[in-house]
Participant: 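Sharing a structure, written as structure tokens. Questions coming.
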Amino acid sequence: MNSLNTRREVIVLGAGMVGVSCALALQAKGWRVTLIDKRGPGEETSFGNAGVLSRSSLLPFNRPGLWRALPHMLLKSSPALQLRASALMQWPWLFQFLWHAKASSFEVSTVALDALIQLSMATHSTWIHQAQVENLLHDKGWLWLYSNPEAFASSAVTRGILQEFSVNMEVLTPQSLTDLEPHIAPKFSHAVWIKDAMSVSNPGALVKAYAQQFIRAGGEFQMNAVLGITQQSEGWQCHTASGHVHDTPNLVVAMGPWSDALLAASHLPQPKRVPLGFERGYHRHFKPVEGIKLGRPVYDTSGAYVLSPMQNDRGETMMRLSTGVELAAQHAAFNAQQLEDAEIAVRKVFPLKESIAGSDWLGARPTTPDSRPVIGEVPGFLGLWLAYGHQHIGFSTGSGTGVLLSELMSCEPTSIDPRPFSPARF
Ligand SMILES: Cc1cc2nc3c(=O)[nH]c(=O)nc-3n(C[C@H](O)[C@H](O)[C@H](O)COP(=O)(O)OP(=O)(O)OC[C@H]3O[C@@H](n4cnc5c(N)ncnc54)[C@H](O)[C@@H]3O)c2cc1C
């Protein structure tokens with residue numbers, strides 16, 4: 001333990017699922033925590049996701065076979081992956097991301113992500129109970145749909161890996177799929193029911209409930225945009241848009257897709273930056289058709305969309321359609337094409353009423369080259385801790401990240417192996 005973390009005082013930047021989880025876990029270990037965000041808790045990426053918490057999410061997008069599939073995906077304009085010219089400006093990240101689509105990286109990442117997912121699911125189950133929002137959590141798994149036997153056969157490798165990791169799942173015939181979800185059109189030759197999965201019916205509300213729990217237990221939340229950080233002889237200073245300068249021995253950067261921009265703007269000496277890419281994704285909400293229900297989120301593998309049954313803040317049922325990956329610069333213009341294509345595809349599969357005006361949303365999954373988040377202290381920068389880069393699974397793995405980070409910062413034995421997540425690997 002060094003002189004900074006003996007003081008057990010920290011500012012956490014970013015109140016998405018990851019930042020709020022870090023704040024909660026550190027608070028539980030007796031740290032005095034201030035949480036800062038430019039908006040309310042859970043109003044950005046942690047608001048807009050598909051709400052799936054699943055053990056099956058241990059396979060990153062950059063996996064062996066991506067190189068082979070890439071020309072087809074790009075030439076056929078696959079709904080799973082759209083590449084925009086602005087993504088090429090991030091070529092150092094893109095190059096490293098593709099370079100990691102190989103067996104050696106994949107093996108390390110799947111083992112590491114599986115451990116983080118399992119820790120996270122157990123942590124969510126406890127925290128949801130403590131925050132008294134059990135009504136948001138649904139324990140019915142999720143479904144992957146395959147339109148023909150060839151598509152199902154091509155998922156054999158993925159299913160084999162999930163079996164190796166003992167993920168509980170069942171292959172469904174068209175009849176057993178209809179028995180489970182009677183309103184899904186009988187268009188699918190196969191489905192896989194991932195039973196080791198939960199879903200959250202209002203992701204933003206869950207983050208807010210965790211943040212309320214943190215505040216009730218004495219934590220401080222400040223709404224303020226952070227412009228930069230500077231290193232002091234003892235700790236860190238954090239500069240905000242309101243002109244306030246906060247001094248702190250320890251700082252956690254958990255600003256999701258904005259994390260790297262903050263470090264870049266802060267001009268740290270000998271900057272140790274983690275290349276960060278943006279796997280952007282969209283969502284659109286639909287009114288449900290009366291009497292038509294979906295019991296769990298579904299992933300249509302040919303349309304590459306997820307349809308999740310959800311509730312708005314008034315508790316009214318709605319359906320959230322979310323899209324595959326658009327590789328583009330973080331702030332590139334909104335391009336509704338992927339969303340329109342997903343809507344055409346989903347309407348052939350599930351009855352929906354009109355879309356809800358103003359519901360279209362765009363977010364960016366923050367992704368490191370090896371698809372593993374960075375969780376730990378920056379080498380050579382005492383008291384500067386990172387917790388970002390959670391790609392497709394940050395809503396689920398935020399909680400485990402908080403637990404792991406709090407153990408590292410408190411110099412305790414860790415629940416899972418921290419080395420695959422260390423910022424030192426870059
Ligand atoms: C379409 C889509 C579907 C997804 N589906 C799933 C899913 O089903 N399951 C899953 O686990 N994950 C899913 N994800 C991924 C998941 O949403 C992200 O990995 C996760 O939300 C990242 O959380 P975060 O806390 O790191 O970032 P965020 O939630 O984005 O939080 C970052 C915070 O930093 C704040 N911030 C930014 N700049 C500043 C500043 N200058 N000063 C102060 N604060 C600042 C923001 O306001 C924000 O609150 C999905 C993502 C997308 C895009």
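Predicted model, so just to flag it, every value in this text is computed and none were measured. Counting convention: from 1, in listed order, for ligands and their atoms alike. As a basis for the values below, the full set of heavy atoms in this structure was taken, side chains included, without hydrogen atoms, waters or symmetry mates.
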Participant: So with a 6.0 Å cut-off around NZ of K293, is the heavy-atom count from everything else above 12?
Facilitator: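 For K293, atom NZ is not crowded (no more than 12 foreign heavy atoms under 6.0 Å).
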Participant: Can S371 and N62 be counted as having a side-chain donor-acceptor contact under 3.5 angstrom?
Facilitator: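 There is such a pair (donor and acceptor under 3.5 Å, judged by atom type) between the side chains of S371 and N62.
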Participant: For this output row, return yes or no: ring centroids of F97 and W93 closer than 6.0 angstrom.
Facilitator: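 Between W93 and F97, which both carry aromatic rings, the centre distance is below 6.0 Å.
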Participant: Go through the side-chain N and O atoms of T230 and H239 and say whether any donor and acceptor fall under 3.5 Å apart.
Facilitator: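 Yes, because at least one side-chain N or O of T230 sits under 3.5 Å from a partner of the opposite role on H239.
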Participant: Check the side chains of T158 and W144 for a donor-acceptor pair under 3.5 angstrom, ignoring hydrogens and angles.
Facilitator: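 No donor-acceptor contact under 3.5 Å links the two side chains.
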Participant: Have a look at H392, Q391, R365 and point out the one with the heavy atom closest to atom 18 (C) of ligand 1.
Facilitator: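 Looking at heavy atoms only, Q391 sits closest to atom 18 (C) of ligand 1.
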Participant: Judged by non-hydrogen atoms, does M17 sit under 4.0 Å from ligand 1?
Facilitator: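 The answer is yes, since M17 has a heavy atom less than 4.0 Å from ligand 1.
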Participant: Using a plain distance cutoff, I'd like to know if E43 has any nitrogen or oxygen under 3.5 Å from a nitrogen or oxygen of ligand 1.
Facilitator: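 Such a contact does not occur with ligand 1.
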Participant: Judged on heavy-atom distance to atom 5 (N) of ligand 1, which of G14, A50, A197, G48 sits nearest?
Facilitator: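 Of the listed residues, A50 has the closest heavy atom.
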Participant: Quick test of your reading of the structure: of D37, V226, L13, V200, whose heavy atom lies closest to atom 34 (O) of ligand 1?
Facilitator: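 That would be D37.
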Participant: Is it true that K29 and E407 have a side-chain N and a carboxylate O under 4.0 angstrom from each other?
Facilitator: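 Salt bridge flag = no for E407 with K29.
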Participant: Which residue from S46, G256, A387, G394 reaches closest to atom 23 (O) of ligand 1 through any of its heavy atoms?
Facilitator: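 Answer by nearest heavy atom: S46.
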Participant: N/O to N/O below 3.5 Å, does that happen between V18 and ligand 1?
Facilitator: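 Between V18 and ligand 1 (N or O atoms, distance only) the closest approach is under 3.5 Å.
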Participant: Say whether S410 and W31, considering side chains only, have a donor N or O and an acceptor N or O under 3.5 Å apart.
Facilitator: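 W31 and S410 do have a side-chain donor-acceptor pair below 3.5 Å.
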Participant: What about S396: any of its N or O atoms under 3.5 Å from an N or O on ligand 1?
Facilitator: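 Yes: some nitrogen or oxygen of S396 is under 3.5 Å from one in ligand 1.
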Participant: For atom 17 (O) of ligand 1, what's the nearest protein heavy atom and its distance?
Facilitator: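 Ranking protein heavy atoms by distance from atom 17 (O) of ligand 1, first comes T45 O, 3.2 Å.
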Participant: Determine the sole option in V200, T401, L206, N49 for which the side-chain contact (heavy atoms from CB on, under 4.5 Å) test with M17 is passed.
Facilitator: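 Passing option: L206.
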Participant: Answer yes or no: are there more than 12 heavy-atom neighbours, outside H129 itself, under 6.0 Å from its atom NE2?
Facilitator: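 Atom NE2 in H129 is not packed in, count stays at 12 or less.
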Participant: Looking only at distances, please establish whether an N/O atom of ligand 1 is found under 3.5 Å from an N/O atom of G51.
Facilitator: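 For ligand 1, there is an N or O atom that lies under 3.5 Å from one belonging to G51.
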Participant: Which bit of P257 is near ligand 1, meaning a heavy atom under 4.0 Å away: side chain, backbone, both or neither?
Facilitator: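 The part of P257 near ligand 1 is the side chain, not the backbone.
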Participant: Should the pair R284-E340 be classified as a salt bridge under the 4.0 Å nitrogen-to-oxygen rule?
Facilitator: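 E340 and R284: salt-bridged.
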Participant: Does an N or O from F395, backbone or side chain, lie closer than 3.5 Å to an N or O of ligand 1?
Facilitator: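 Yes; the residue has a nitrogen or oxygen that sits under 3.5 Å from a nitrogen or oxygen of the ligand.
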Participant: What protein heavy atom lies closest to atom 50 (C) of ligand 1? Include the residue and the distance to one decimal.
Facilitator: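 Checked against all protein heavy atoms, atom 50 (C) of ligand 1 sits closest to N49 CB, 3.3 Å.
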Participant: Taking all non-hydrogen atoms of both residues into account, name the closest pair between Y210 and H124 and its distance.
Facilitator: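 That would be OH-ND1, 2.8 Å.
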Participant: So is T240 in contact with ligand 1, going by heavy-atom distances below 4.0 Å?
Facilitator: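 Contact absent.
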Participant: Using a plain distance cutoff, I'd like to know if I36 has any nitrogen or oxygen under 3.5 Å from a nitrogen or oxygen of ligand 1.
Facilitator: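 In fact, backbone or side chain, I36 has no N or O that close.
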Participant: P366 versus ligand 1: do any nitrogen or oxygen atoms come within less than 3.5 Å of each other?
Facilitator: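 No, there is no polar N/O contact under 3.5 Å.
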Participant: Compute the shortest N/O to N/O distance between K38 and ligand 1 and return yes if it is under 3.5 Å, no if not.
Facilitator: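 It does: an N or O of K38 is found under 3.5 Å from an N or O of ligand 1.
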